[in-house]
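We use all heavy atoms of the structure for the numbers below, so side chains are in, but hydrogens, waters and symmetry mates are not. Please read these numbers as outputs of a predicted model, since none were measured by experiment. Residues: numbered from 1 along the sequence shown.
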Amino acid sequence: MAIQWFPGHMAKARKEVQEKLKQVDVVLEIVDARTPESSRNPMMNEIVGAKPRIMVLNKADLADPAITKLWVKHYQDAGNEAIAIDAQHAKRLNQIPQLANQLMAEKIARKKARGIKNPAIRAMCIGIPNVGKSTILNRLVKKNIAVTGNKPGVTKNQQWLKASDTFQILDTPGILWPKFENQTVGKRLALTGAIADAVFQEDVVGLYGLEFFLNHYPAEIKKAYRLSDDDMALSAPDLLVALTKRQGFGEDFNRMAERIIFDCRQGKLGRFTLEQPGDTDDDAE
């Protein structure tokens, strides 16, 4: 299975982002805390360049808190500001403008020295689809201005939003890349909802999720699906077959795979993170 998804508006969006960067002081790079590195476009460093950056790990309420702390430190050690937030419930959002102020302290001081009383910081919000950019923006500006939706590719155009007299944000469409060279990255993004459901096979992604939970969060999967010790000893494919029959789906393995994907996304299997700093993937194609 080769997951590929690069709608035409995303190619256009990348070009527009690069053009708008000249007007921006700081970049807010939004990632999914469950897949921090996989939910970063590998072209992002090339696109953003040396512009000051704040790594915003959103959906932290769904992620494994211990691993989230490791990721925040990882990005800080790489020279970026980093913060884990839950935009849906507006937790820690107010710290984003504060971090931007810290990053821009010298530039603000220079502007004030030139007689500008309340210089505004202009930030660009960027990230792949469905990491919660629009929710973050709406919470920051305290209005439902940015379009939201629990599916990728909702934002189609760029727009400037005013969070305060001194903090303005440019919303941008999510930018994916033409092909996932590493299919594990594609499976992680499909499982968490960053990729449109129409472009991947449910059985492959559901099986990936089931195997991951068996290996990394066995207690959660055991509780969620009321598995016995004998069930837990099965391989992921055999367990998928058993669960399909047990749920009354007959031999419709796709239905059970869809259920696993849905349960993962809705947090019914508990808080989880699909990767840790230093992980290496060996299925690059």
[X] side, atom [atom1]; [Y] side, atom [atom2] - distance, nearest 0.5 Å:
X    : Y    : atom1 : atom2 : result
T192 : I261 : OG1   : CD1   : 10.5 Å
E81  : M55  : CD    : CE    : 12.0 Å
Y208 : Q183 : OH    : CD    : 12.0 Å
K51  : D25  : NZ    : CG    : 7.0 Å
K187 : E211 : NZ    : CD    : 8.5 Å
L28  : I136 : CG    : CD1   : 8.0 Å

Original post:
With a 4.5 Å heavy-atom cut-off, do D229 and K222 have their side chains touching?
Top reply: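 In short, these two side chains touch, coming nearer than 4.5 Å.
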Subject >> Passing option when L243 is tested against V241, L239, L240 for side chain to side chain contact (heavy atoms under 4.5 Å, CB included) >> reply: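 Single side chain to side chain contact (heavy atoms under 4.5 Å, CB included) partner of L243 among V241, L239, L240: L239.
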Original post:
Is there a donor-acceptor contact under 3.5 Å from the side chain of R271 to the main chain of A63?
Top reply: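 Yes; at least one donor-acceptor contact below 3.5 Å.
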Original post:
Would R188 and E275 pass as an ion pair if we require N to O under 4.0 Å?
Top reply: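 Answer for the salt bridge query: yes.
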Original post:
Mind checking what makes ring-ring contact (aromatic ring centres under 6.0 Å, His included) contact with F212, not counting sequence neighbours?
Top reply: H216
Original post:
So among K91, Q98, R92, which one has a side-chain hydrogen bond (donor to acceptor under 3.5 Å, both in side chains) with Q95?
Top reply: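 With Q95 as partner, K91, Q98, R92 yield a single side-chain hydrogen bond (donor to acceptor under 3.5 Å, both in side chains), made by R92.
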**OP:** Please answer: with hydrophobic residues joined when any side-chain heavy atoms are less than 4.5 Å apart, are F262 and F253 in the same cluster?
**Re:**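 No; tracing contacts between hydrophobic side chains, which count when under 4.5 Å, never links both residues.
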**OP:** Determine whether F167 and V56 fall in the same hydrophobic cluster, where Ile, Leu, Val, Met, Phe, Trp and Tyr are linked whenever their side-chain heavy atoms lie under 4.5 Å apart.
**Re:** yes
